[in-house]
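This report refers to the structure that appears directly beneath it.
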Amino acid sequence: MNVGAFVCGCGGTCGLDLEEVREGVRDVDVVASSELLCGGGLDGVEHVIDEYDLDQLIVTASDDRCKRTFRELVDRKGLHPDAAAFVDHREGAAWVHDEEAATDKTARLLNATHAGLQEEAVSRTVSREAGDEVAVVGDPETAAALAESAEVTLVADGREFANVDVDLDDVDIARGEVVDVDGRFGEFELTLESRVTEACIDCMECVREGPDGVTARPVQIPANAPDGEWTDVCPTDAIEMDGTTHRIAADQVIHPDADQDTRGGRVGYYTGHVDAATVAAVESQLGGIEKPAFLDLEMDVCAAGASSQEGCTACTDACPHDAVGRPSVDSVEFDEVACQDCGACTSACPTGATQLREPSNRRIAREVEALLKAENDDGGWLFNRGSSGIDQPVVAFVCSERAADRLREYGRRAAVEEDVTYPPVLPVEVNCTDTVGEAHVMHALAAGADGVAIVGCGGDCLHSGPDPKAELVERLNRATADLGLGERVGFFAPGADDPGQFVEELSRFVVERLDESPVPAGEHEAEGTIEGDIDRPAFASHAWTLESVRTLLEHVDPDREVIRGLKDFGWMDVSDACNLTPTCTNLCPTDAVQRTNDGDLLFNHERCVNCGLCEEGCPETAITMQDGLDLSLLPENREEAPEDVPTAAWSRVYEGEMQECVRCGKPFASAGTVDKVRGEVGNAVEGIAPESPHSVFEYCGDCRTHLLFERGEN
């Protein structure tokens, strides 16, 4: 693919050194600039496209009109509709930073965009068929608006519709108050509670004779209505003062007053304010839905459990959209239609069983590495620390929803002389800050960032609610401090109205809290794996984090041997209660536990993802898992492998004794297991082979069978 980068000065309104930007862009086929690309420079762009036979354009353009101009150009030239990618050089750079920093940042952003495009995923879709039944709870106006296109049921939810000023002739009205909404798009079920059964014929007798609050359309009796003789007036005995429950099915649900049990809502389930956009969204999904596939799933490496053990629950705990379920205690099921691309499950998953397709972890890694490398095509350093450009490289993972919009607004305010300037952090846009986990942060530090800023929704994330990354930031600052780097991670939320707090907090973080990292910037390129690892997807959280930590350790002296705060790492303690049953080895999803023929239990800290299956499943409760990355257990920190251990990656965590069969000599069970079984059933089998000089418990299974067949003659 032939790629051209185009840099615009926006008619002289951007404080950029266009020549310096061109010098800082690497690896593309051509770099060109103009004071006004979308105006007088457009003919020159066309000429460059033809001369270099370009397939992809990377353009510094922030204005919607300018972007539209280049999309039209792409169409005229017969290129792919997505052949133009855009870089914000203005609101996010030139208008909020000084010229040298903005110039440096723009070049880095162009390089990062190019690096990211090389890893762009091929589009894939998921779909689900559905009907056109829509349940609308307590909102007659919305029900009437949808009646022409859908089969609408208006759920009363305690409301009176007798005198509403809308046409409900084509709307079914269901009596009752909603007590539960279950299911998913195309398969919702609403549970309604009412004191009037479906035997009601709307004769109005209870309305006339009953207490205040009994509604006429539909006939409903409020929960606080007093019992009395008036309940006997119903000719069909439809009044049930103790309440009756019934259910209705719907393909989609509009429930304005519902508690938002999921922040972003379930697909096809609308809560909160309802407007024309809500109605349009419902209508667009009548009959079914087709949407991009957001996830790559490799469930054969999932650590969720086996043999009826629960195991890892990271993805189900993390998902805020009910898109991940557990149909059984030891299985996980993803509803890809319900997935809303927040990335929470992917950053939580240690094994790579679930990963975002776009941006993938590999793409994020390449963008981060490109941002931190300020080398030109000749191999020289265009911008050096302390001389010009960005003196403190800080990677900022920016939410592409609210946060990115607010930063652009800050740039527009700065353009009209409002004092909005902040340090030139290097942005990587992510779908939501829920995408960001320990692996992303540790990789940015390993690539040479002085610090990592996570920039998300102010106060209340659209997906995961308030304080979305507080726990992550606390954990990772503990880890970086243990590694000898000090605290280098922060969460920042651009406010909707006043940028002052964001500017102050980010400036304090970058200028006052961060010192120069001992890790050289721009040298590390992640593979996302660890040498000799079992077959797991690259850029899974556990392996990617460990790779980054090892890179950091080449440049730092850790303050502690056990690095706290990294959730994907654990080490095993085994008590004398261990009987060497094969449970832990059978349950471990990463083959981090082995039992030897000599009766020892071996543990591989490199492989362990701290899922807890071994601890949970141990029948003797002999295993206790400890959290943290123990550097002393990594093979490079051990002089040699202990005797009878496969490699230095393995540690002996329990030294047992195997019972050898007195007949064939084969080890068949641990001595502890033999003693336990003898203690539990010894009396019951005593004397079963009276002619044998040995106890039946001293024989393996095969020899024990022969012993009994031979009547103990041995």
Side-chain angles (χ1 to χ4, degrees), residues 303 306-307 309 311-312 350-351 482 530-536 542-543 545-547 549-550 553 558 560-564 566-661 665-677 700:
S307 304
Q309 303 295 325
C312 178
T351 64
D482 287 352
I530 52 180
E531 186 177 351
D533 192 20
I534 60 174
D535 187 19
R536 275 184 275 177
H542 171 86
T545 300
L546 183 54
E547 178 191 36
V549 169
R550 281 175 161 150
L553 290 171
R560 288 172 52 93
E561 191 170 73
V562 177
I563 308 302
R564 300 165 297 173
L566 301 177
K567 69 175 180 60
D568 294 340
F569 298 87
W571 44 281
M572 177 184 284
D573 270 342
V574 182
S575 74
D576 290 339
C578 176
N579 285 325
L580 288 177
T581 60
T583 308
C584 55
T585 56
N586 291 340
L587 288 176
C588 182
T590 61
D591 294 334
V593 189
Q594 283 186 10
R595 188 181 67 165
T596 71
N597 290 333
D598 294 329
D600 294 344
L601 198 64
L602 306 182
F603 173 70
N604 188 318
H605 189 44
E606 268 191 316
R607 292 183 176 182
C608 175
V609 296
N610 204 23
C611 68
L613 270 170
C614 58
E615 181 178 14
E616 180 185 351
C618 178
E620 294 92 15
T621 63
I623 296 175
T624 302
M625 290 302 299
Q626 308 290 344
D627 296 337
L629 174 60
D630 189 337
L631 302 180
S632 70
L633 296 179
L634 296 178
E636 62 268 28
N637 297 327
R638 310 178 79 197
E639 292 184 2
E640 58 183 21
E643 187 179 354
D644 299 327
V645 170
T647 69
W650 293 90
S651 304
R652 184 181 288 106
V653 290
Y654 181 74
E655 189 168 356
E657 180 184 352
M658 293 297 290
Q659 179 79 42
E660 294 182 354
C661 177
K666 179 179 72 175
F668 66 93
S670 71
T673 298
V674 171
D675 290 342
K676 181 179 180 182
V677 174
C700 69

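Quick caveat, the model's predicted, so the values are computed rather than measured.
- Side-chain contact between N604 and P646 is absent, with no heavy atoms from C-beta onward closer than 4.5 Å.
- When all heavy atoms of T581 and P619 are compared, the pair lying nearest together is OG1-CG, 3.6 Å.
- By the 4.5 Å heavy-atom criterion applied to side chains, L566 and V549 are counted as neighbours.
- Distance CG/D576 to CD/E620: 12.0 Å, rounded to 0.5 Å.
- Side-chain atoms of R536 never come within 3.5 Å of backbone atoms of T351 as a donor-acceptor pair (strictly under, hydrogens ignored).
- Without hydrogens or angle criteria, R564 side chain to D482 main chain gives no donor-acceptor distance under 3.5 Å.
- Using a 4.5 Å heavy-atom threshold, the side chains of F603 and V574 count as separate.
- With rounding to the nearest 0.5 Å, the separation of CD in E616 from CE in M625 is 13.0 Å.
- Closest approach of D591 and R607 over heavy atoms only: O-NH1, 3.0 Å.
- With hydrogens and angles ignored, the 3.5 Å screen pairs a side-chain donor or acceptor of H605 with a backbone N or O of G570.
- Closest non-hydrogen pair, E606 versus L634, comes out as CG-CD2, 4.1 Å.
- With a 4.5 Å cut-off on side-chain heavy atoms, D627 and K567 do not count as touching.
- C584 places a side-chain heavy atom less than 4.5 Å from the side chain of I623.
- With rounding to the nearest 0.5 Å, the separation of CD in Q594 from CG in L601 is 9.5 Å.
- Here T596 contributes atom OG1 and R652 contributes atom CZ; the two are 7.5 Å apart, rounded to the nearest 0.5 Å.
- Proximity of T583 to C618: side-chain heavy atoms (C-beta onward) are nowhere separated by under 4.5 Å.
- To the nearest 0.5 angstrom, C608 atom SG is 7.0 Å from M572 atom CE.
- A pairwise comparison of heavy atoms in V593 and C588 identifies N-SG, 4.1 Å as the closest pair.
- In this structure, the side chains of L629 and L631 come closer than 4.5 Å at one or more pairs of heavy atoms.
- Not one N or O on the side chain of R638 forms a donor-acceptor pair closer than 3.5 Å with the backbone of T647.
- Heavy atoms only, all atoms of each residue included: V609 and A303 are closest at CG2-CB, 4.4 Å.
- Using a 4.5 Å heavy-atom cutoff, the side chains of V562 and W571 are in contact.
- Side chain of D573 to main chain of T624: no donor-acceptor pair is present (N/O by atom type, distance under 3.5 Å, no hydrogens or angles).
- Distance CD1/I563 to CG/L546: 11.5 Å, rounded to 0.5 Å.
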